[in-house]
K.L.:
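Please find one structure pasted underneath; my questions will follow.
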Amino acid sequence: MIIASALTKKFDSKTALNSITLTIPDGCVYGLVGSNGSGKSTLLRLISGVYMEDGGEITVDGERAFNNPQIKSKIAFLGDTPYFLPQSNLKEMADLYNSMYPDFDYEIYNHLLTVFPLDPKARLTTFSKGMQRQAALILALSTNPKYLLMDEAFDGLDVVMRRVLANIVMDGVEKRGMTVIIASHNLRELENVCDNVCVIHNGDIISNGGIESLRGNIHKVQVAFSQVPEMSVFNSLYVMKAERTGSLLSLVVKGNEDEIMQFINTLNPLYAECIEPTLEEVFVYELEVVGYDVKNILS
Amino acid sequence: MTLKTSSRKINPFWNMIGFTLRKNLGIIVVLCIASLLYYPGTFIVDYENILVSTENNINNYLLENFAVTVTVFSTIIAVLFNMLNFSFLYKKSSSDVFHAFPLTRVELLLSRLLSGLFATLIPTLLCYTSFGILMAFNSWMGNFAQLFYFLLHNLIIMLVCSSFSMIFVVSAGSMFDLGVSLIGGNLALIAVGWIFESILQETLVGFSGYHTSDIMYNLSPPYFCGVGLGLANDILENKVNGQSIEFFIRSVVYIAAFTTATLLLYNRRKAEKGGTAYAYKFMYLGCSLLAGICGGFLLGMMFIGNITSFGFWFFAIVGALLTAVIYGTVTNRGFKGVGKSLIMGGISAVVLIAVAVSGITGGFGYTNRIPEKEKIKNVSVSVFDENIPFDNPQQALDLHQAILEKNAIYQDGDVVSNGIIRSVNFYYELENGKTLSRHFRIDSTKIPDELLSIYKSQERLNMIKEHIKIVDADRITLFFKFNEEYYNVDITENEADEFIKAYWSDVQNSNTSVLSIDKVYDYIELNGEKRLDNNRRDYFNFSLEYRSNFKNTKQFIVEHDLVNRSVEQNNNPDTKY
C-alpha cells in the first residue's frame, strides 16, 4: 500500500505538490489525471524513490522508497521518456535490469517479446517512439514488480498496442496482485482501465475515488415536454447542470436514479431517458461545481 | 506470465560495477593498446637512441619522464571516466532510470566511481608492468623500488584529482556546465592566485611571491598535484624528504575529504536538477566570482596596464560586471538572471579593490612584520643574486630592520641611479613550522654598512663553497672575462681552491662601492660535474660578481696563465668545448 501524507514537493519557487494526502491500495489500477505540469509525474517519481520529498512523507509498504533498495526493488518505474544506455540493445538492457532487480524474470521477458514483436538485438536508438515505449514496458514488466508506475503509458502506442497493454496490466493485477499506477493527461485513456482515479491540478488533489462510486450517483437525464415547465419545478432534485434546447431539457442530476425518474414522470414528459454519463462528464460536472477550470484539466 | 514466489539473491552494487566495466570495455581496450604503444612500443622503436642518450648521460630521467607522462594521462582519463559514468545525472530520463534502480545513492555513486577507477587502473598498471619487465633486462633504467614509488605517487595524484573532480560532477546539472566549472573554474582559480599576486606586488611593500604559490598549494588541488608531480625528482634521487611525506599525508586527507564531500553532496542532490546548469548554487556563485575577478583584471590590463592608475580600476570594474553578466547569460541560457550576475560582478570588483587596498595600507601589518629572533629556526637572505643562509639570524634581522627603519625601500618614482637598486629577499623558517618571506627593492646607498657586512660575511663564503662542489669533481671549468674577451678553461681542484681564496680576499678588501651594480665588471662562473652512481652525473654552476678592482682574482688568472691555457684547450680537438 502506498500512503502519502501532507506530501510536498517544490522545484525552486514552484510548488509541484502541495501537501497532498492519498492512499493507493494494493492490487488496484490507479489513475493519476492532470494537465501538463499538474504534479502527477512528480508524484510517480516520489513513489519510486527518484525524488526526495520536501515536506510530508510518502511510504510504500510502510517504508520510504528514497534510498531504500528493498522497496525500490519492488517498484518498476516507466518514465514518460524511455531511456536506454547509449548504443545498447534490448538484450543488454534486460541483462542490466536482471542484474539490478532480484525478481527479474527472463520467462516474462521472453513471453513479452512474443507479445511485442521487437528484435532484442537491434539497437534501441533505431526504434520508433512507440517501439521504444514497448521495449521499456517489456523491461519494466520483466522485473516482476509489485508496483508498476507508468507515466503517460499509452503515449506513442497504436490502438492495438494500447489494448494489449491494458490486457497485460489487467493480467498482472489479477494474477499477481500487482498495483498499477498510471499517470496521464487524458482521462479517456484511463476510463476503461482504472479502478480509482485521482485528479491532480496545480499540485492539489481535486478529486479522488473509485470510478463506480464517482459515476454512481450522477445521472444525465434527457426530458422532452410539450410545454417546458419552470426550472423551479426541479428544486426538489439536486440539479448540477441544466440545458434547454427547444422543448428538450438536459439535466445532470445527483441522486438515486429511480427516485429521479419517478419525480420526472410525475411531470408527464413526452419523453424521458436516464443516460449513464462518461467518466469525463462526471468529472466535468463535479469540478465545475467546485469552480475548477475543467477544460484545462481534461483537455 | 508466471507468478514469482521467491527473489534471487543478487548484489546490485557489484553488478553495477561489472556492468559499467563491460560497457566501457571498448574504451579500456583502446587505452590498453595506447599504453602498450607507449611502453614498450616507444622504447622498442627508440631503443638505439635511448642507449646513445644513456651512454652520454643525457637520458638519466627515463623513469621519471615515463612516470610523469603516465601520471598526467591516467589522471586525465580518471576524470574523463567520472564525467562519462555520471553523465546520467544530466538528463531527466536517464536520471529517472538510474535513480529508480534498487541502490542507495551511496551505492550508485561508489559503483560508478569505482568502475571508472578500475577502468583507468588497467591501462596504467599495464604501462608500469611493461616498464618493469624492460627494467628487469636493462638495469640502467632504474630499480623496482623507484618504480613502485612512482606508481604509488601516480595513484595518489590520480585519486586526488579524481575525487576532487567528483565534487564538480555531482554539483553540475549539465555536461556543458560541468566542463565550464571543472576546467574553467580550476584554471580560473590558479589565474586568480596569479592576479592577486600581481596586484600585491604592485601595492604591498615587502610582498613576496613565495606566499602565492603557498596559497595556491593549499587552495587548488590541481596545483597541489602539479607540485606533487615535481616531487618525483626527489623520489628518483632517493631524497624522500619532509615535503614528500607531507604531500602523501595531505593527499590521503584530500582524497578522504573530497570523497566524503561528494557523498554528502550526492546524497542531498535533487534528481530533478538534471538538465539545469548547477545542482547547487555555490557552484554558480563560485564560478561567477572567479570569472568576474579574471575578467575585471584582464580588461584593466588590456586598456590600462598600470595597476596603480585610476583608469585601470575603472576598466577592472567594467570588466568584472561584464564578465559576470556574460557568464550568467551562458549559465542561465539567457538574460533572465542579469540582476544576480551584476551583483556577482560587483562582488568580484569589490574583491579586486579590497586586495589592492589591503596592499596599499600595508597588508594589515605585513610590510613591517619581522619575526622575533627566538622564534626563527632558519633564515636565508637573497641579495647580490645569491641566496645566503645564516646560522645566526641576527645579521639577517639587522639588515631587515635597517631596510624598514632607514627607509631604504625604493619607491617607484624615486630619482636614483638604477645601479644602486637591489633586490633583497628574506626567507624565515619559524620554529612553529611556518615560514615568513619578504621581498624588497632597496636603495643600497641608504644601508651600505649592513649590506657590506653581508657581502663580506663568513656565511656568504660558506654558501659559495657549498655550491661549488669541487672536491672529487671530474671536471671543473672557469668561465671569465679578461681584456674584453671571454675564456673558458679547465682547472684543477687545487686551482679552484686557490681561485676562491683569491676572490674572497678581494671581497674582504672591498668598500661600499661594490654595492652598486654599475660597478660590476662582469660575472665569473665556476662550472663542474661529478659522476654519481647509476651512470648519473651531478652538475654545478655558480656565478660570482667580478669587479675591475679585484686585484687578487686578476692575479690568479695571470699567474695560472688561464688565458693561454684556454686558447690551447680550444685548439685541441680532444679538449675543445
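Chain letters run A, B, ... following the sequence lines, proteins first, then strands; residues in each count from 1.
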K.L.:
Taking it one step at a time, do B:Leu103 and A:Lys72 satisfy side-chain contact (heavy atoms from CB on, under 4.5 Å)?
P.N.:
CA-CA 8 Å; B:Leu103 289 161; A:Lys72 283 161 93 175; 5.7 Å; no
K.L.:
If you draw a 6.0 Å radius around NZ in A:Lys14, do more than 12 non-hydrogen atoms from other residues or ligands fall strictly inside?
P.N.:
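Enclosed.
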K.L.:
Hey, what do you get for CZ (B:Arg22) to OG (A:Ser99), rounding to the nearest 0.5 Å?
P.N.:
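Between atom CZ of B:Arg22 and atom OG of A:Ser99 there are 7.0 Å.
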K.L.:
Identify which part of A:Lys146 has an atom lying under 4.5 Å from any heavy atom of chain B, answering side chain, backbone, both or neither.
P.N.:
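Neither; nothing under 4.5 Å.
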K.L.:
Sort out for me which of B:Pro12, B:Ala271, B:Gly18, B:Ser94 touches chain A most, counting heavy-atom pairs under 4.5 Å.
P.N.:
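Sorted descending by pairs with chain A, the first entry is B:Ser94.
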K.L.:
Decide yes or no for B:Asp96 and A:Phe77: does some side-chain heavy atom of the first lie under 4.5 Å from some side-chain heavy atom of the second?
P.N.:
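Yes, their side chains come closer than 4.5 Å.
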K.L.:
Would B:Glu272 and A:Arg45 count as a side-chain contact (heavy atoms from CB on, under 4.5 Å) if you check the C-alpha gap in whole Å, the side-chain angles of each, and the deciding distance to 0.1 Å?
P.N.:
CA-CA 10 Å; B:Glu272 62 267 28; A:Arg45 288 188 173 97; over 6 Å; no
K.L.:
Is chain B contacted by the side chain of A:Ser142, its backbone, both, or neither, given a heavy-atom distance below 4.5 Å?
P.N.:
neither
K.L.:
Given that the side chain runs from C-beta out, which part of B:Phe101 has a heavy atom under 4.5 Å from chain A: side chain, backbone, both or neither?
P.N.:
both
K.L.:
Under a 4.5 Å cutoff for heavy-atom pairs, which residue among A:Tyr101, A:Tyr97, A:Phe11 has the most contacts with chain B?
P.N.:
A:Tyr101
K.L.:
Count the heavy atoms of every other residue, nucleotide or ligand shown that sit under 6.0 Å from CZ of A:Phe84, and state whether that count exceeds 12.
P.N.:
yes
K.L.:
Got a sec: does the CZ of B:Arg333 have more than 12 other heavy atoms crowding it under 6.0 Å?
P.N.:
yes
K.L.:
Apply side-chain contact (heavy atoms from CB on, under 4.5 Å) to residues B:Arg105 and A:Phe66 and explain how you reach the verdict.
P.N.:
CA-CA 9 Å; B:Arg105 286 280 179 102; A:Phe66 184 77; 3.6 Å; yes
K.L.:
Please classify the contact between A:Met100 and chain B as side chain, backbone, both or neither, with a heavy-atom cut-off of under 4.5 Å.
P.N.:
both
K.L.:
Need one label for A:Gln70: side chain, backbone, both or neither, based on atoms under 4.5 Å from any heavy atom in chain B.
P.N.:
neither
K.L.:
For B:Phe13, is it the side chain, the backbone, both, or neither that has a heavy atom closer than 4.5 Å to a heavy atom of chain A?
P.N.:
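B:Phe13 has no heavy atom closer than 4.5 Å to chain A.
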K.L.:
Highest number of heavy-atom pairs under 4.5 Å with chain B: which of A:Ile71, A:Thr42, A:Leu85?
P.N.:
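Option with the greatest count: A:Leu85.
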K.L.:
Looking only at heavy atoms, which two atoms of A:Asn98 and B:Ile10 are closest? And how far apart?
P.N.:
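Looks like O-CD1, 4.0 Å.
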K.L.:
Do A:Asp54 and B:Lys270 meet the salt-bridge criterion of a basic N to acidic O distance under 4.0 Å?
P.N.:
yes
K.L.:
Could you tell me whether A:Glu92 and B:Lys23 make a salt bridge, using a distance below 4.0 angstrom between a side-chain N and a carboxylate O?
P.N.:
yes
